[in-house]
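Below: the structure, in structure tokens.
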Amino acid sequence: MRVNNLGFIDPNGSIPVPAGPGDLAFPRWRGKEWISDQAGWEANRLREMKETLKAGNHHKRIALTQSGVSYDFPDGSAVTAQTRNDTDRANIHATVTNGLVLQAQGVTDPVMPFRDAENVTHMMTPEQAIAFGQTVLAAVTGLYQTKWAVEVAIDALETSAEAAAFDLEAAWAGA
């Protein structure tokens with residue numbers, strides 16, 4: 001007497017029983033039967049690995065954006081301009097906008113304060129404020145460009161082995 005893969009006792013082994021998922025290396029139900037679908041499993045695994053890599057890529061861009069941008073202020077201080085959140089970035093945009101307005105009015109004196117991540121206030125001319133904002137925003141834009149390039153590289157992966165070997169840290173090196 002033996003028990004078939006559906007759990008029924010089949011004393012002679014004569015009852016035809018369709019293959020079950022446990023009998024196949026890469027089981028997938030198709031219509032009325034289980035089939036072995038290694039290609040489908042590989043495609044799903046690759047898709048899941050790419051999604052994980054893309055999520056890591058997205059979080060890497062966010063973490064680097066939130067860490068701030070190094071900037072050499074006109075007073076000689078090399079410090080960090082904070083870009084942690086929308087408020088920080090709005091403050092930088094406002095500094096640039098104010099600089100443009102004051103520049104249009106002919107102001108050339110260092111009348112624009114900006115407080116850095118170390119809580120030190122730096123006085124800048126309107127021209128310096130505009131240059132500051134352009135530098136910080138260019139750095140943030142550069143992070144997006146790196147993210148996009150890494151995403152293209154992830155999309156180009158063709159196997160789960162390639163995805164497993166993909167080094168996200170190395171892809172971001174130098175950013």
Exercise for review: Decide whether Ile130 and Leu137 are clustered together by the hydrophobic rule: side chain heavy atoms of Ile, Leu, Val, Met, Phe, Trp, Tyr closer than 4.5 Å, transitively.
Suggested key: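 Looking at the clustering, Leu137 is in a separate group from Ile130.
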
Check your understanding: Do Leu157 and Trp41 sit in the same hydrophobic cluster, where Ile, Leu, Val, Met, Phe, Trp and Tyr count as joined when their side-chain heavy atoms come under 4.5 Å apart?
Key ->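 Unlinked, Leu157 and Trp41 end up in two clusters.
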
Taking all atoms of both residues into account, what is the closest heavy-atom pair of [X] and [Y], and its distance?
X	Y	answer
Ala171	Thr146	O-CG2, 4.4 Å
Gly68	Thr83	CA-OG1, 3.3 Å
Ile154	Lys50	O-CE, 3.3 Å
Ala164	Met49	N-CE, 3.4 Å
Ala81	Val136	CB-CG2, 4.0 Å

**Study point:** Steps toward side chain to side chain contact (heavy atoms under 4.5 Å, CB included) verdict (Thr135, Asp72)
**Key:** CA-CA 10 Å; Thr135 300; Asp72 295 330; over 6 Å; no

Point to revise | side chain to side chain donor-acceptor pair (under 3.5 Å) partners for Asp86, two or more places apart | key: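 If we apply the side chain to side chain donor-acceptor pair (under 3.5 Å) test to Asp86, skipping adjacent residues, the hits are Arg89.
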
As an exercise, state the distance from [atom1] of [X] to [atom2] of [Y], rounded to the nearest 0.5 Å.
X	Y	atom1	atom2	result
Asn85	Thr65	CG	OG1	11.5 Å
Arg47	Asn44	CZ	CG	5.0 Å
His59	Lys147	NE2	NZ	10.5 Å
Leu46	Glu51	CG	CD	10.0 Å
Thr95	Asn91	OG1	CG	6.5 Å
Leu168	Leu53	CG	CG	6.5 Å

Practice item. Give the intermediate values and the outcome of side chain to side chain contact (heavy atoms under 4.5 Å, CB included) for residues Val96 and Gln134. Key: CA-CA 8 Å; Val96 172; Gln134 288 176 320; 5.7 Å; no

Review point. Should we say atom CD of Glu127 is surrounded by more than 12 heavy atoms from elsewhere, each under 6.0 Å from it?
Key: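 Atom CD in Glu127 is not crowded, with 12 or fewer foreign heavy atoms closer than 6.0 Å.
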
Point to revise | Residue pairs involving residues 152-163 (criterion side chain to side chain donor-acceptor pair (under 3.5 Å); sequence neighbours excluded) | key: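 Checked against side chain to side chain donor-acceptor pair (under 3.5 Å) - neighbours excluded - the pairs reaching residues 152-163 are Glu42-Ser160, Arg45-Ser160, Lys54-Asp155.
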
Check your understanding: Run the side chain to side chain contact (heavy atoms under 4.5 Å, CB included) check on Asn57 and Trp148 step by step: do they pass?
Key -> CA-CA 9 Å; Asn57 187 39; Trp148 299 329; over 6 Å; no

Pairs under 3.5 angstrom only: tabulate donor-acceptor contacts from the side chains of residues 117-126 to other protein residues two or more places apart or in another chain.
| from | atom 1 | to | atom 2 | distance (Å) |
| --- | --- | --- | --- | --- |
| His122 | ND1 | Asp75 | OD1 | 3.4 |
| His122 | ND1 | Asp75 | OD2 | 2.7 |
| His122 | NE2 | Asp116 | OD2 | 2.5 |
| Thr125 | OG1 | Gln128 | N | 3.1 |
| Thr125 | OG1 | Gln128 | OE1 | 3.4 |

Exercise for review: Hey, can you tell me if Tyr71 and Phe73 have their rings parallel, tilted or perpendicular (30° and 60° cut-offs)?
Suggested key: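 Geometry flag for Phe73 against Tyr71: perpendicular rings.
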
Practice item. Give the intermediate values and the outcome of side chain to side chain contact (heavy atoms under 4.5 Å, CB included) for residues Trp172 and Asp167. Key: CA-CA 9 Å; Trp172 274 90; Asp167 187 347; over 6 Å; no

Practice item. Determine yes or no for a side-chain-to-main-chain donor-acceptor pair under 3.5 angstrom, with Thr80 supplying the side chain and Val69 the backbone. Key: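 No: the side chain of Thr80 does not pair with the backbone of Val69.
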
